[in-house]
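Beneath this line is the structure, given in structure tokens, with notes to follow.
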Amino acid sequence: MKEYNAKIIEKKWQEKWDALKTFKVKDNHDKPKYYALIEFPYPSGTGLHVGHPRPYTALDIVARKRRLDGYNVLFPMGWDAFGLPTENYAILNKVHPAEVTKKNIARFKEQLKSIGYSFDWDREINTTDPKYYKWTQWIFLKLFENGLAYKKEMNINFCTSCKVGLANEEVVNGKCERCSSDVVRKLKSQWMLKITDYADKLIEGLDDVDYLENIKTQQKNWIGRSYGAEVDFAITGTDDSLRVYTTRPDTLYGATYMVISPEHPLIEKYRNKISNYDQIMAYEAEAAGKSDLERTELNKDKTGVEIIGLTAVNPVNEKEIPIWVSDYVLMTYGTGAIMAVPGHDTRDYEFARKFDLPIIEVVKGGNIEEEAFTDIETGILVNSGIINGLNVAEAKEKIIAYLEEKGIGTSKVNYKLRDWVFSRQRYWGEPIPLVYCEDCGWVPLDESELPLTLPEIDNYEPTENGESPLLKITDWVNTTCPKCHKPAKRETDTMPQWAGSSWYYLRYIDPDNDNELADKEKLTYWTPVDWYNGGMEHVTLHLLYSRFWHRFLYDIGVVPTKEPYLKRTAHGMILGENNEKMSKSRGNVVNPDDVIDEYGADTLRMYEMFIGDFEKSVPWSMNGVKGCRRFLDRVFKLSDMLVDGEGYTKELESSFHKAIKKVTNDFETLKFNTAIATLMALTNDIYHKGSLTRDEFATFLILLNPVSPHVTEELWEMNGFDSMISDQQWPKYDEEKTIDSQVEIVIQLNGKVKHKMMISSDLSSKEMIGLVKSDKDIIELVKDSTVIKVIAVPKKLINIVVK
RNA sequence: GCCGAAGUGGCGGAAUGGCAGACGCGUUGGACUCAAAAUCCAGUGAGGUCACACUCGUGAGGGUUCGAGUCCCUCCUUCGGUACCA
């Protein structure tokens, strides 16, 4: 009997797969293709932790199984390597971020290799490689050419002490995470991408894809399409009017005051009419220090200032109403102004209560003494002139028609989705390939100039006023205008990390192509991605951005499909043993290297899958790891139970057919934990029997191979089976042989189990009832009561309802 | 706050509206051993009983149903996202 030595076995097979190029993808377009994709990692300095292998192993299983099913499988890996942590590390340690990145990648790659994934490493990509970001820049130029990139003044978080623009994450309670100084919001002219132009396409595209339903909902809610109206309220004593957006034009008669955002231009425009201008300015300054999240939080105390000197007129009843300024109204959504209907909007209600403003009921059905009535299904309009007596939907339609006829309003579709802020005042990102010329304005570089590479630089610190560190590299910044050849300056902002990850799946298809983003024919064969799995934390932003770019590339004829990903699933996080998120600071990080060292990669892979429901987060447990290793030891010892004989033995036949069916389905539906449980149970059956045939063992090894590929290949070879498992076919099952001829059913009395019996599994409900009626145990059971009803469910149970 | 999820033994979890707790961990007992580890076999939701019987039990409270972990309503707690973290 041989020893199961994971270290030797795993090294042997990893070398063999490398040498034989077992998982090299051929562009053999005769076979059906299957493109399995996992989110490429950010190569951090801390290396892999046990959370990383969870999704990788899952889709490695799918990829390996699909190969045995006869598919040409693309399962690639790469690096999303631009980003803040690397840059911050580089600043702190005075090393080039490229060097840090290189080191981190080498470490990550070594770790991934030791887990035995079937990636085609010849297609490895890296977003920081100029050969890669050439095409990220190319896509940006196309967006620019098509009018989808524009400049706009937007706020950034700015640390007054570090003089750096900060990510939201780096702002803790309004203070800088590093130095605890005040963070202010500073206006900067930034590049924006017009994703809002694609809002409808991004909603409609969801009809054609197979995403988990909650993911689709998240996407739709993020885009937040709403149908409402814009209405003009005249401003007393001027020719001007104040335009608001509302999703509830039906409540127009209930508008008792208006609220505008502190940044609203109206304030500046009528500065001289406003008697408390200073007070309003002070309020605006205060609001500027808050994030949108802080401003709109519902449970916080509402704040605001009435504008003294300006009032508006409700266009449907000519009532004069006050105008307030409050930070819960955002300049970035709608028109930056609202009509407040405190009777029927929770935020307005709270505001009105706090500042003692009138509340009028215009939709009947609730109790506005207590709270705002926001139900739109049951309410009936009251106190509302021409729309009295209608329900909400009818009232909306009628009032919009009225407003349009009078020229004071119009129906309007609005989106919560905002345009994408695409500028970062940082070094470690793709340079934006544009030049500013005094005469020609913003001019794109010629495609032949790409990639525009990052200049070598000694100091990665941003400048005093929050500009990108690139600004200081005058050699690089000063250039000539591509159009008129006069002196001009380069854009110094770089792209956000989202850029490189928005299209990486396309580059795997043709990673070395210098002439185009990817070959057209290859794109046609390989797109769309058949299955994309990643973290739940990426299903709004990354997924949306990436769908946006893909759809844009489709619209300009670069890619052949509207949607990038046919199917999207999400995995749960792996937590530390203490049930907290794994992090260095919490000291609960588990390194996969240690697990591999003690138990082997096959055990690691299996535990990653067996640990629990794939879609839920779950704490790591070293004891659980041990259990998986114990199972592999038991599998190893099956070699000693091999006996002569072909096919499946009578005793195990049904177990095997059931196991094939279950494992096959479970691998395709993210239920790896129950697939492994099935194989464990099958092993228990074999142990009880004490022997198995070579055919049985072969089937077993193929079923287990995607989870634990090294040890199964070793056992395959050790026991003299032909070739390698990676050359075999996935086993088939016979549906008939998964059905038991006899089943145990339960007899319930009023839903409580009282008795059990074995019956033939093909009996109908009627036959079952007949059988039970004549059974003397059952007669005994019901003899003291009156039978009202008998319910029989074939193969399951009989429930006798008695009095 | 808003949007999306999730709450089941000591722990991870399983269960097309049909015997709650598969499988694994832990634990208890036994076998093997001088002994221990490893391994193998058996038990293991709680209460209750010598043993049965029986009672309770899927975050809380209601409801629908012959039957609810599963469907509906209200609530509580935890997690993810919240637009410059990745």
Side-chain angles (χ1 to χ4, degrees), chain A residues 39 41-42 44 80 82-85 154-157 165-171 190 195 212-222 224 291-300 328 332 346-347 416-426 496-498 501 535-542 544-545 570 572-573 575 579 581 607 610-613 615-628 630-631 633-634 637 671 673-681 684 687-688 744-753 756 788-791 793 795-802:
Chain A
E39 288 174 340
Y42 173 73
S44 71
D80 187 15
F82 278 127
L84 271 187
M154 288 295 290
N155 275 315
I156 60 166
N157 298 310
L166 297 178
N168 285 340
E169 185 188 60
E170 296 174 297
V171 182
Q190 311 209 60
I195 189 172
L212 295 177
E213 211 38 57
N214 56 323
I215 296 178
K216 284 192 185 180
T217 312
Q218 286 270 82
Q219 294 257 305
K220 280 185 198 156
N221 290 344
W222 186 256
S291 69
D292 288 356
L293 181 65
E294 288 167 324
R295 286 173 53 159
T296 53
E297 225 173 297
L298 193 61
N299 65 356
K300 71 144 200 179
Y328 77 94
T332 45
T346 311
R347 291 158 303 181
K416 283 210 184 86
L417 182 68
R418 310 205 292 256
D419 277 340
W420 176 1
V421 185
F422 202 68
S423 293
R424 300 291 183 271
Q425 295 71 43
R426 289 285 181 157
Q497 199 177 13
W498 308 108
S501 60
M536 201 59 211
E537 65 273 26
H538 300 137
V539 300
T540 36
L541 291 180
H542 159 67
L544 197 72
Y545 290 154
M573 227 186 312
L575 308 170
N579 233 316
K581 202 168 176 165
Y607 182 60
F610 188 65
I611 191 166
D613 183 339
E615 300 179 55
K616 287 190 210 153
S617 51
V618 58
W620 186 262
S621 154
M622 273 304 174
N623 275 327
V625 177
K626 233 187 288 176
C628 288
R630 203 172 293 168
F631 171 57
D633 282 326
R634 280 164 72 81
K637 281 189 281 184
K671 300 193 165 182
N673 53 339
T674 48
I676 294 166
T678 302
L679 291 174
M680 287 174 171
N684 291 343
Y687 266 67
H688 284 129
E744 190 185 55
I745 61 159
V746 298
I747 315 297
Q748 299 179 332
L749 216 56
N750 289 342
K752 291 199 170 168
V753 179
K756 295 182 181 184
I788 296 170
K789 200 171 169 186
V790 180
I791 292 130
V793 182
K795 292 190 218 179
K796 296 281 183 199
L797 56 69
I798 289 173
N799 188 13
I800 305 168
V801 185
V802 298

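So that the names make sense, note that chain A is the first sequence line, chain B the second, and so on, each numbered from 1.
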Using only heavy-atom distances, decide whether a donor-acceptor pair under 3.5 angstrom links the side-chain of [X] to the base of [N].
X: A:Lys616; N: B:rC79; value: no
X: A:Gln425; N: B:rC84; value: yes
X: A:Glu169; N: B:rC84; value: no
X: A:Gln190; N: B:rC84; value: yes
X: A:Asn623; N: B:rC25; value: no

Donor-acceptor under 3.5 Å ([X] side chain, [Y] main chain):
X: A:Tyr607; Y: A:Gly627; value: no
X: A:Gln748; Y: A:Ile800; value: no
X: A:Gln218; Y: A:Thr540; value: no

Regarding A:Asn168 and A:Asn157, do their side chains bring together a donor and an acceptor under 3.5 Å, going by distance alone?
yes
Base, sugar-phosphate alone, or nothing: which one does [X] contact when heavy atoms must sit under 4.0 Å apart?
X: A:Arg630; answer: sugar-phosphate
X: A:Asn684; answer: sugar-phosphate
X: A:Glu170; answer: nothing
X: A:Val753; answer: sugar-phosphate
X: A:Tyr42; answer: sugar-phosphate
X: A:His542; answer: nothing
X: A:Glu744; answer: base
X: A:Ser617; answer: sugar-phosphate
X: A:Ile676; answer: nothing
X: A:Val746; answer: base
X: A:Ile745; answer: nothing
X: A:Lys581; answer: sugar-phosphate
X: A:Ile156; answer: base
X: A:Gly83; answer: sugar-phosphate

Out of curiosity, A:Gln190 CD to A:Asp419 CG, how far, rounded to the nearest 0.5 Å?
12.5 Å
State the pairing partner of [N]; accept Watson-Crick or G-U wobble contacts with both distances under 3.5 Å, and report none otherwise.
N: B:rG48; value: none
N: B:rG1; value: B:rU82
N: B:rC75; value: B:rG59

Anti or syn, where syn is a glycosidic angle within 90° of 0; which label fits B:rG47?
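It is anti.
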Are more than 12 heavy atoms, taken from residues, nucleotides or ligands other than A:Lys416, located less than 6.0 Å from that residue's NZ atom?
no
